[in-house]
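Take a look at the structure below.
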Amino acid sequence: MTSSAFPAARMPVAVIGAGAIGRMHLERMLAHPDIAPAAVADPGEGVRAYAERIGVPWFADYRDMLERTPLGAAIVATPNHTHADVGLACIARKLPVLMEKPVTDTVAQGRTLCDAAEAAGVPLMVGHQRRHNPILRSARQLIADGAVGKPVSVTAMATWLKPDTYFEPLWRRQAGGGPVLINLIHDIDLLRFLIGEIESVQAMTSNAVRGYEVEDTAGVLMRFACGAVAVLAVSDATVAPWNWDLAAGEAAHYAQLDVNSHHISGTEGSLTLPRLEVWRYAGRSGWHEPLTQTRTPVHRADPYVEQMRHLRAVAEGRETPVCSGLDGLRTLEAALAVHEAARLQRTVVL
Ligand SMILES: NC(=O)c1ccc[n+]([C@@H]2O[C@H](COP(=O)([O-])OP(=O)(O)OC[C@H]3O[C@@H](n4cnc5c(N)ncnc54)[C@H](O)[C@@H]3O)[C@@H](O)[C@H]2O)c1
C-alpha cells in the first residue's frame, strides 16, 4: 500500500526491531503528529508484552507483518548484519524505509540495498539523526556563510562510558558492534555534512579496557577532499563528557552538559560544536592579535522527532532525503575504512 492512501491522518509506520533505539522511535511515534506506530515486528524476549503495553500490534516475523499490515513506511532498527535483508524485503513491497545506521554492515550490501531502492523507485533514508538537529543545521549554515573561511583543521571527540549491561547482547561484543560503527559513524556523517567528502583515513584501534573482540577505543585521522584534516578520538570505555550526545543533549535521556565536542578551524575563523562559538579576529590577523568570540543562539529540538516528520514527507514525495541511502553508504565506507586502516596499519584511500 502506498503512502498516498494516508494524506491527512497520521501515516501508519512499522518498527522492525524493538530494542534500545526501536523503542525510542516507538515512544516518539506514540505522540507524533505526522506518523503513528502501526505494528512492531521483533521475535525478541519481552517484545510482545512491550507492544501490548503500548497498544501496538506485534508480529514475531517482519515478513508476516509486511504481508498483513497496511503501511506508509517502515523504520528498521534491527542489528546491523540484518539491515540488508530486512531493507530488501521492505523495498520489494515498495515501502519507504528509514534504515537505522549503519545502512548495512558491508559496502557491498549497502550498494545492493541502494540499487534495489533506486530500481524500485522507493525512498531509502538512513538514520543519521544529527542532520535533523537545529544545532548542526546552524553550524552548516555558518560554514556556508564563511564563518571559518576554508575549513582546514578539525578535532572531534566521542568519549563516554557504556555500562556493562550494554554488552549483554553478543553482537555488541563482536566485530562491527563497537563504537566505530555504532557511534563514531555519526561523527563521520556529521563531518561529511559540514565539510564534504572524505578522501583518506588512518587509524589505530584498541580493546585494551574490556578485551572483547570489538574495539573500545580508536584514534583516527581523516583527510577531506577540500584538503582539511580531522583528528578524531573515540572511546566508550572512558569517564568523559566530550561527545555530541551529551554536549548537544541529543535526546531527553542524555544529561546535557555545557561542553564542546567538535572544533572546526579555518582560514578565517573557528567554530565549536555544539555551543556554536565562532572565534575570529576583529581587526588585524595574527597569533599576537586578540580573538573575539560570538555565540549563535539556537533553539533546541529533538532530532528524532524531526526525522519522523521528514520520513513522512519523503514517503509522500514532498521532500528528498536529508540522509539518503547513498549518503549513508559513503559514511559507512569511511567508517569501515577506520577498521581497515587500523588492521593494515596504513592509509586507506576512499
Ligand atoms: N541512530 C542512533 O543514534 C542509533 C542508536 C542506537 C542504535 N542504532 C542502530 O539501531 C540498530 C539497533 O540497535 P539497538 O541498540 O537498538 O540494538 P538492540 O540489540 O537493543 O535491539 C535490536 C532488536 O532487534 C531485534 N531483532 C533482531 N533480529 C531481528 C529480525 N530479524 N526481525 C525483527 N527484529 C529483530 C532484537 O530482538 C532486538 O530487540 C543498530 O543498527 C544500531 O546501529 C542507532
Side-chain angles (χ1 to χ4, degrees), residues 14-28 39-51 56 58-67 69 74-90 97-106 109-110 113 125-133 136 158 160 162-163 165-190 214 236 243-246 248-254 302-308 310-311 322-323 327-328 331-332 335-336:
V15 173
I16 305 176
I21 192 76
R23 292 183 192 206
M24 273 182 56
H25 286 309
L26 281 159
E27 274 141 36
R28 282 165 176 76
V40 178
D42 186 329
E45 204 186 318
V47 180
R48 181 181 199 159
Y50 168 76
V56 178
W58 170 84
F59 293 83
D61 188 328
Y62 68 87
R63 291 181 193 87
D64 187 24
M65 179 199 74
L66 293 175
E67 186 89 17
T69 315
I75 298 178
V76 179
T78 52
N80 302 348
H81 67 275
T82 66
H83 287 187
D85 284 349
V86 180
L88 288 171
C90 294
V97 176
L98 171 61
M99 179 64 71
E100 263 306 340
K101 46 49 63 176
V103 58
T104 49
D105 62 358
T106 68
Q109 284 179 344
L113 193 61
M125 286 151 274
V126 181
H128 285 294
Q129 75 280 346
R130 292 184 191 176
R131 291 184 182 225
H132 297 281
N133 193 315
L136 195 57
W160 72 101
K162 286 178 183 162
T165 49
Y166 178 90
F167 296 93
E168 281 165 9
L170 180 64
W171 71 274
R172 288 178 173 156
R173 284 174 266 148
Q174 295 174 326
V180 170
L181 272 185
I182 297 291
N183 309 100
L184 185 72
I185 194 167
H186 279 303
D187 296 285
I188 293 171
D189 189 70
L190 177 159
V214 74
D236 64 13
N243 62 82
W244 173 268
D245 291 333
L246 287 178
E250 183 85 328
H253 58 272
Y254 295 115
D302 184 324
Y304 296 97
V305 172
E306 167 57 17
Q307 185 173 248
M308 283 174 184
H310 178 62
L311 168 62
V322 164
C323 187
D327 253 320
T331 294
L332 173 69
L336 290 174

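Owing to the predicted nature of the structure, the values given are computational and were not obtained by experimental measurement. Each ligand, and each atom within it, is numbered from 1 in the order the structure gives.
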For this session: Check each of Leu332, Asn183, Thr331 against Ile188 using the side chain to side chain contact (heavy atoms under 4.5 Å, CB included) test, and report the only one that passes.
Result: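 Between Ile188 and the candidates, side chain to side chain contact (heavy atoms under 4.5 Å, CB included) is satisfied uniquely by Thr331.
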For this session: Kindly determine whether Phe59 and Thr69 satisfy side-chain contact (heavy atoms from CB on, under 4.5 Å), including the steps that lead there.
Result: CA-CA 10 Å; Phe59 293 83; Thr69 315; 3.6 Å; yes
Exercise. Hey, what's the ring geometry for His310 with His132, parallel, tilted or perpendicular (30° and 60° as the breaks)?
Worked result: tilted
Exercise. So, Lys101 and Asp189, do they make that salt bridge, N to O below 4.0 Å?
Worked result: no
Exercise. Is Val76 close to Tyr62 at the side-chain level, that is, under 4.5 Å between some pair of heavy atoms?
Worked result: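 No, side chains not in contact.
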For this session: Check whether more than 12 heavy atoms from other residues, nucleotides or ligands sit under 6.0 Å from atom CZ of Arg48, and answer yes or no.
Result: no
Distances for all N or O pairs of ligand 1 and the protein under 3.5 Å?
unit_1	atom_1	unit_2	atom_2	d
ligand 1	1 (N)	Glu100	OE1	2.8
ligand 1	1 (N)	Gly127	O	3.4
ligand 1	1 (N)	Gln129	OE1	2.8
ligand 1	3 (O)	Gln129	OE1	3.4
ligand 1	3 (O)	Gln129	NE2	3.2
ligand 1	3 (O)	His186	NE2	3.1
ligand 1	3 (O)	Tyr304	OH	3.3
ligand 1	15 (O)	Arg172	NH2	2.6
ligand 1	16 (O)	Ala20	N	3.1
ligand 1	16 (O)	Ile21	N	2.9
ligand 1	19 (O)	Trp171	NE1	3.2
ligand 1	20 (O)	Ala20	N	3.0
ligand 1	20 (O)	Arg172	NH2	3.2
ligand 1	37 (O)	Asp42	OD1	2.7
ligand 1	37 (O)	Asp42	OD2	3.4
ligand 1	39 (O)	Asp42	OD2	2.6
ligand 1	41 (O)	Thr78	O	3.2
ligand 1	41 (O)	Asn80	OD1	2.5
ligand 1	41 (O)	His83	NE2	3.0
ligand 1	41 (O)	Lys101	O	3.3
ligand 1	43 (O)	Asn80	OD1	3.2
ligand 1	43 (O)	Lys101	O	2.8
ligand 1	43 (O)	Lys101	NZ	3.1

